[in-house]
Amino acid sequence: MAEENRIWAGHSKSESGFAISIGTMEDDPQQSKVVIYADGQWTVTPLDITIMSLTSVEKTQSGEGTVYVALGIDGDVIFFDRQPVRENIAGSGVQDDGSGLGSLLKIRNVDGDLIASGIKSQIYRRRAAGDWERLCDKDTQEDVGENNFSGLGLRPGDAFAACGYSGARRRVPTKEEQAELDRLENGPIKEYLQKSREYKRVTRSPGGCLYFRRDARWFSATLPTSQHLNDIIEFAGGFIAVGNGGTILRGSSPDDIEDVSPPNLKESLWAVRHDSRNFYVLGESSIFVFDNDLRQIGAILLPDELSGSNTFDVVNNAIWYFDYKGVAKYTDQTWHIVDIPPQFWN
């Protein structure tokens, strides 16, 4: 049975429009449609890749303004200018020959810098057209480990932060210990399992992760929670990360992470945005509003018609909400459901 089409990514760069990707997560064949709505007009671009994330940047080919940018699961980056322009992040994704580091998950534009992240601790920054620099390499910095980075932040001075989820980390046996395990492999199973558990014991339990980059190295933060972290954003004093279980963390370095989670907020938090006045956090039931001191000052209930939170954007006086099955705009304290043409779901 074919998987149902869903909205997997959404982004808005203006009060009058947005872009979404509609498709499935099937590997063979991959397919998506990027649907752009602007000033009452729809355009749709079918693609042979799975789009995971959307953002926007200043135009690359023509004149002033901005264009939408889509990130594919296997490292394709599509710029929707007058004609779509495709780049590829070398080494990422899973290629036809089986090579590649695995899926990419998120792309962001931070003050003109395009940064992308994914599984196996992948983080890249675009230096020029077609030139993507890998910023995090678990093979050259072993203490980074295996992380799925779903959130990226960047402050002036090349201060990066990345958050997400880490699997359990195990101790790597020494050369002598590995030789002993190899010898015991064909011996008594009880003795082998005992030594294997000892030499490959868990040194870090699975859970959320938060890393900071300084002098080209990444440093793991000491977290007050094991909850998965889903998104991160920069602000004047550092970074704010949000995650499962109502988690909200604030800090600017690995050793100063503060848990500022509201005591009565227990639902998963998927994304965080801010404007000049407030922070906005997307949860399962509402968009929660905080002042610049992270005091909760309100909550906007999500529309009843849509019940699968994905992502959102705050643009001037509007909030664009992207659900897995639809799009809504919040203005004048009212939700307005967007009527997406049915043919785009086929």
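Counting non-hydrogen atoms of other residues, nucleotides and ligands closer than 6.0 Å to CD of Gln41 gives a total of 12 or fewer.
Between the side chain of Lys13 and the backbone N or O of Ala19, no donor-acceptor pair lies under 3.5 Å. Of the possible polar contacts, none joining the Ser21 side chain to the Val34 backbone as a donor-acceptor pair under 3.5 Å is found. In this structure, the side chain of Trp345 does not engage the main chain of Ile22 through any donor-acceptor pair within 3.5 Å. Judged purely by atom type and a 3.5 angstrom limit, Gln178 has no side-chain atom pairing as donor or acceptor with the backbone of Lys175. Within the 3.5 Å criterion, the main-chain N or O of Glu267 finds no donor-acceptor partner in the side chain of Glu284. With Ser261 contributing its side chain and Ile248 its backbone, the two residues share a donor-acceptor pair below 3.5 Å. Of the possible polar contacts, none joining the Thr222 side chain to the Asp255 backbone as a donor-acceptor pair under 3.5 Å is found. One N or O on the side chain of Ser121 and one on the backbone of Asn147 form a donor-acceptor pair closer than 3.5 Å.
Grouping the Ile, Leu, Val, Met, Phe, Trp and Tyr side chains by contacts below 4.5 angstrom, directly or via other members, places Ile232 apart from Phe219. One hydrophobic cluster, built from ILVMFWY side chains closer than 4.5 Å, cannot hold both Ile78 and Val57; they sit in different ones. Under the 4.5 Å side-chain contact rule for hydrophobic residues, Val44 and Ile36 do not share a cluster. Under the 4.5 Å side-chain heavy-atom criterion for grouping Ile, Leu, Val, Met, Phe, Trp and Tyr, Ile115 is connected to Phe149 within one hydrophobic cluster. No chain of hydrophobic side-chain contacts below 4.5 Å, direct or via other Ile, Leu, Val, Met, Phe, Trp or Tyr residues, connects Val77 to Phe80.
Sorted by first then second residue, the ring-ring contact (aromatic ring centres under 6.0 Å, His included) pairs that include residues 155-186, not counting sequence neighbours, are Tyr165-His228. Under the salt bridge (Lys or Arg N to Asp or Glu O under 4.0 Å) criterion, the residue pairs touching residues 182-195 are Lys195-Glu198, with sequence neighbours excluded.
Between Glu4 and Lys325 the shortest side-chain heavy-atom distance falls below 4.5 Å. Here the side chains of Leu114 and Phe79 are in contact, with some heavy-atom distance below 4.5 Å. Looking only at side-chain heavy atoms (C-beta outward), Pro46 and Gln31 stay at 4.5 Å or farther from each other. You'll find the side chain of Ile51 reaches within 4.5 Å of the side chain of Ile49, heavy atoms only. Ile20 has its side chain out of reach of Tyr37: every pair of non-hydrogen atoms, C-beta onward, lies at least 4.5 Å apart. Side-chain contact between Gln83 and Val85 is absent, with no heavy-atom pair separated by less than 4.5 Å. Counting heavy atoms from C-beta on, the side chains of Asp74 and Gln30 come closer than 4.5 Å. At a threshold of 4.5 Å between non-hydrogen side-chain atoms, the residues Leu154 and Asp111 do not count as touching.
Tyr68 meets the side-chain hydrogen bond (donor to acceptor under 3.5 Å, both in side chains) test with no other residue; sequence neighbours excluded. With sequence neighbours left out, Ser226 forms a side-chain hydrogen bond (donor to acceptor under 3.5 Å, both in side chains) with no residue at all. For Trp218, there are no ring pair (Phe, Tyr, Trp, His ring centres under 6.0 Å) partners, not counting sequence neighbours. Take Asp323 and apply the salt bridge (charged side-chain N to carboxylate O under 4.0 Å, His left out) test, not counting sequence neighbours, and it matches no residue. Partners of Arg250 by side-chain hydrogen bond (donor to acceptor under 3.5 Å, both in side chains), not counting sequence neighbours, listed by chain and number: Glu258. Ser253 meets the side-chain hydrogen bond (donor to acceptor under 3.5 Å, both in side chains) test with Asp256; sequence neighbours excluded.
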Please list every donor-acceptor pair under 3.5 Å in which a side-chain atom of residues 333-342 meets a protein atom from a residue at least two apart or in another chain.
from   : atom 1 : to     : atom 2 : distance (Å)
Thr334 : OG1    : Asp332 : O      : 3.3
Trp335 : NE1    : Leu301 : O      : 2.7
His336 : NE2    : Thr331 : OG1    : 3.4

Residues 290-297, side-chain donor-acceptor partners within the protein, below 3.5 Å, at least two apart:
from   : atom 1 : to     : atom 2 : distance (Å)
Asp291 : OD1    : Asp293 : N      : 2.9
Asp291 : OD1    : Leu294 : N      : 3.0
Asp291 : OD1    : Arg295 : N      : 2.9
Asp291 : OD2    : Arg295 : NE     : 3.0
Asp291 : OD2    : Arg295 : NH2    : 3.2
Asn292 : ND2    : Arg277 : O      : 3.3
Asp293 : OD2    : Arg295 : NH2    : 3.3

Could you go through residues 101-109 and list every donor-acceptor pair under 3.5 Å that involves a side-chain atom there, pairing it with any protein atom two or more places apart or in another chain?
from   : atom 1 : to     : atom 2 : distance (Å)
Lys106 : NZ     : Ser150 : O      : 2.6
Arg108 : NH1    : Leu152 : O      : 2.5
Arg108 : NH1    : Glu234 : OE1    : 3.4
Arg108 : NH2    : Glu234 : OE2    : 3.1
Asn109 : OD1    : Gly112 : N      : 2.9
Asn109 : ND2    : Ser56  : O      : 2.7

Using a 3.5 Å cut-off and no angle test, enumerate the donor-acceptor pairs between side-chain atoms of residues 235-246 and protein atoms at least two apart in sequence or in another chain.
from   : atom 1 : to     : atom 2 : distance (Å)
Asn244 : OD1    : Asn230 : ND2    : 3.0

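Using a 4.0 Å cut-off between a side-chain N of Lys or Arg and a carboxylate O of Asp or Glu, Arg86 and Asp48 qualify as a salt bridge. Using a cut-off of 4.0 Å between Lys/Arg side-chain N and Asp/Glu carboxylate O, Arg273 and Asp231 are scored as salt-bridged.
The side-chain tip of Arg6 points at the ring of Trp8 from less than 6.0 angstrom away and within 45° of straight on.
Side-chain rings of Tyr124 and Trp132 stay apart, their centers remaining 6.0 Å or farther from each other.
For the residue pair Cys209 and Leu229, the shortest heavy atom distance occurs at O-CD1, 3.5 Å. Pairing each heavy atom of Leu249 with each of Pro224, the nearest pair is CD2-CG, 3.8 Å. When every heavy atom of Leu210 is checked against every heavy atom of Cys163, the shortest pair comes out as CD1-CB, 4.0 Å. Taking both residues in full, the closest heavy atoms of Gly75 and Ser92 are given as CA-OG, 3.2 Å, listed atom of the first, atom of the second, then distance. What you find for Ala299 and Ser286 is that their closest heavy atoms are CB-CB, 4.3 Å. The two residues Arg134 and Lys120 make their nearest non-hydrogen contact at NH2-O, 4.2 Å.
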Trp270 vs Thr311, test: side chain to side chain contact (heavy atoms under 4.5 Å, CB included). Steps then yes/no. CA-CA 7 Å; Trp270 304 116; Thr311 188; over 6 Å; no
Ring pair (Phe, Tyr, Trp, His ring centres under 6.0 Å), that's the test. Do Phe312 and Tyr321 meet it? Break it down for me. CA-CA 4 Å; Phe312 77 126; Tyr321 167 59; 8.1 Å; no
Apply the test side chain to side chain contact (heavy atoms under 4.5 Å, CB included) to residues Phe18 and Asp313: give CA-CA distance (whole Å), side-chain angles for both, the deciding distance (0.1 Å), then the verdict. CA-CA 10 Å; Phe18 60 86; Asp313 278 306; over 6 Å; no
How far apart are the C-alpha atoms of His274 and Val272, what are their side-chain angles, what is the distance that settles it, and do they pass the side chain to side chain contact (heavy atoms under 4.5 Å, CB included) test? CA-CA 7 Å; His274 69 86; Val272 56; over 6 Å; no
Give the C-alpha distance, both sets of side-chain angles, the deciding distance and a yes or no for side chain to side chain contact (heavy atoms under 4.5 Å, CB included) between Leu181 and Lys200. CA-CA 11 Å; Leu181 289 175; Lys200 299 179 181 180; 3.9 Å; yes
